[in-house]
Amino acid sequence: MIKTLAKNIKGYIRESVLTPLFMILEVIVETIIPYLMATMIDLGINKGDMEQILFTGGIMGLCAVIGLFAGVMGGVYGAKASAGFARNLRRSMFANIQSFSFENIDRYSTAGLVTRMTTDVTNLQNAYQMVLRMCFRAPFSLVCAMVMTFVINAQLASIYLIATVLLSIVLLFLMKTTYKYFSRVFEKYDELNASVQENVSAIRVVKAFVREDYEVKKFNKATDNLYRLFVKAENAMVSVSPVMMFTIYGSIIAISWFGANMIVSNTLTTGELTSMLTYCMNILINLLMVAMVFVMITMSLASAKRVSGVLNEKSVLVNPENPDYHVPDGSIEFKNVYFSYNDTAEKPVLNNINLKINSGETIGIIGGTGSSKTSLVNLIGRLYDVKKGSVEVGGKDVRSYDIETLRDQVSVVLQSNVLFSGTILDNLRWGNPNASEQECINACKLACADDFIQSFPDKYNTKIEQGGTNVSGGQKQRLCIARALLKKPKILILDDSTSAVDTATDAKIRSAFENEIPDTTKIIISQRISSVKHADRIIVMEDGEISATGTHSELIENSPVYNEIYTAQSGTGGDFDEKGDAEK
């Protein structure tokens with residue numbers, strides 16, 4: 001864990017080294033000042049030697065200036081080092097998340113990743129600054145002050161030593177007790193962020209169903225859980241305060257009592273007692289700082305574990321040693337394929353799939369919800385790996401290709417259509433960053449998106465709001481199809497991606513595909529017969545298996561599952577404009 005986090009100090013090593021050095025310099029001059037003060041009292045004030053007073057006072061003033069400079073520079077470099085460390089952590093986490101496969105992503109919630117990149121990293125940033133400054137300053141100052149007290153009077157210094165040991169035991173107990181609370185606190189942060197994220201992204205649904213009160217109660221419950229855990233952790237931490245205060249005042253009283261007796265017996269001077277009391281406060285204040293550092297480190301340990309978990313997560317999908325960078329064509333073959341999302345699952349999601357698709361074919365896939373249609377096509381672009389068997393594209397196992405090369409040739413329009421903040425052109429160029437405006441327009445014409453884009457005042461420069469909330473579901477789907485077409489793939493997969501468009505537009509899109517991209521293998525997943533009935537072949541999925549394969553007319557006669565779906569949809573007259581589609 002420490003090694004993983006330490007890699008992100010790169011670029012700020014200089015600041016990370018200078019910070020403790022300045023802190024140590026500050027401690028050295030602070031340690032000298034009480035000793036000089038004792039000299040001023042004993043040799044200057046008590047003897048009335050003004051020259052000694054001025055000389056010693058001048059040295060003390062110089063030490064104070066040096067200490068001030070060292071403290072300021074330590075703060076400046078500490079802030080730079082900790083802020084840079086946090087920046088590197090966030091960059092490393094984000095970059096690693098981008099390399100995750102779907103299987104890796106499934107292990108984390110979105111809210112959990114957001115918490116790690118915000119709250120957890122902020123905790124680590126504060127802890128790192130505390131470590132650079134206080135973790136060096138406080139212990140070093142403590143040791144220096146302790147050494148000076150033993151130089152002055154070992155008998156009185158033993159009081160400090162006893163107090164330090166007692167407080168160290170209390171701090172170790174505190175750290176052990178509070179760690180378990182803070183580990184649970186950040187889990188509750190995930191729940192809180194999940195509640196906020198879900199509510200904000202679905203605010204229209206919340207208002208449509210008048211569920212504001214329910215959502216407020218759910219959020220309040222999450223905040224109450226977080227509050228209770230924080231109170232427990234804080235209660236454990238504040239318990240050290242009375243112990244600390246008792247030790248500080250007890251030490252001062254003991255030093256004053258025994259020191260006064262020693263002055264009376266002439267075994268201790270007034271100046272030495274004054275410096276002992278100064279060192280006493282120095283020691284105990286530094287013990288308080290150590291306590292604060294312990295608390296911060298305790299909090300950050302839970303965050304460090306969560307952050308390093310994301311940084312150490314490796315994608316389960318990796319390139320072979322000598323990957324293939326050429327996909328010959330869009331042919332696809334499934335050979336005895338078994339797949340499951342979880343190794344401990346009792347039943348595979350896909351069971352013994354054998355299927356061959358020729359390059360340029362149009363394949364329809366239909367089946368009930370949960371029949372594993374999406375799971376089947378996810379294996380083509382190697383979004384997941386098979387558990388048994390193999391999937392071949394262009395006559396080669398998909399695991400032999402360079403992942404980026406394969407996915408450039410397998411364009412997928414997923415069920416959940418996502419648009420990003422920016423213009424329509426910006427979103428389209430996700431498919432091809434170098435696409436010209438005319439190429440984007442051509443792709444939109446194929447996807448039947450050009451007409452509605454031209455109706456916007458800014459046309460292709462129209463701003464898309466976050467999540468695409470200013471376009472309809474059907475418009476969003478057509479933009480995503482156009483984006484996929486700009487990749488000019490050998491395989492195009494439409495995963496229920498025309499469900500929000502009317503059947504007439506659906507038919508136009510399919511007709512454009514047949515005429516404009518005949519050599520591209522097209523796989524259309526749909527819940528409605530009208531979207532797949534004109535395909536070269538239709539695959540019927542049921543319970544993770546291929547129930548039947550054939551043309552529309554063949555399946556009407558031979559597949560009870562397909563026939564049942566067809567009867568259910570045609571019995572009510574089909575979609576509102578089915579007539580327009582029937583003539584295609």
Side-chain angles (χ1 to χ4, degrees), residues 23-24 26-50 52-53 55-57 59-61 63-64 67 71 134-135 137-175 236-295:
M23 290 296 99
I24 290 171
E26 184 184 21
V27 168
I28 291 172
V29 295
E30 284 184 358
T31 305
I32 293 172
I33 288 174
Y35 184 78
L36 292 172
M37 183 174 63
T39 303
M40 179 188 288
I41 293 171
D42 291 337
L43 302 180
I45 295 174
N46 288 344
K47 294 181 178 181
D49 188 345
M50 183 57 68
Q52 180 67 38
I53 294 172
F55 176 75
T56 308
I59 296 175
M60 289 174 65
C63 288
M134 297 306 171
C135 256
R137 188 190 192 287
F140 187 74
S141 180
L142 191 66
V143 171
C144 287
M146 189 71 73
V147 169
M148 292 303 294
T149 57
F150 273 93
V151 169
I152 294 170
N153 191 293
Q155 191 175 353
L156 285 178
S158 61
I159 297 173
Y160 299 140
L161 187 61
I162 294 170
T164 303
V165 172
L166 288 174
L167 285 175
S168 299
I169 294 171
V170 172
L171 291 175
L172 288 172
F173 176 77
L174 170 71
M175 188 173 181
M237 287 191 295
V238 298
S239 62
V240 76
S241 183
V243 177
M244 182 75 70
M245 291 300 104
F246 176 80
T247 306
I248 289 174
Y249 291 121
S251 298
I252 292 173
I253 291 170
I255 293 295
S256 301
W257 174 261
F258 291 111
N261 289 330
M262 288 181 178
I263 289 174
V264 172
S265 61
N266 293 320
T267 56
L268 188 73
T269 66
T270 305
E272 288 174 338
L273 177 59
T274 304
S275 63
M276 287 290 287
L277 289 171
T278 304
Y279 284 127
C280 173
M281 291 304 299
N282 195 333
I283 289 170
L284 297 174
I285 287 172
N286 280 297
L287 278 174
L288 192 59
M289 289 184 180
V290 169
M292 291 172 59
V293 171
F294 265 75
V295 170

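What's counted below: heavy atoms across the whole structure, side chains too, no hydrogens, waters or symmetry copies.
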Colleague: Under the side chain to side chain contact (heavy atoms under 4.5 Å, CB included) test, which residues partner S158, sequence neighbours left out?
Modeller: none
Colleague: Checking A260 now: which residues fulfil side chain to side chain contact (heavy atoms under 4.5 Å, CB included) with it, not counting sequence neighbours?
Modeller: none
Colleague: Of all the heavy-atom pairs spanning V29 and G67, show the shortest one and how long it is.
Modeller: CG2-CA, 3.4 Å
Colleague: Output yes when a side-chain donor or acceptor of S265 lies under 3.5 Å from a complementary backbone atom of M262, and no otherwise.
Modeller: yes
Colleague: Using side chain to side chain contact (heavy atoms under 4.5 Å, CB included) as the criterion, list what pairs up with I24, not counting sequence neighbours.
Modeller: I28, F140
Colleague: Does F55 have any side chain to side chain contact (heavy atoms under 4.5 Å, CB included) partners at least two apart in sequence or in another chain, and if so, which?
Modeller: I59
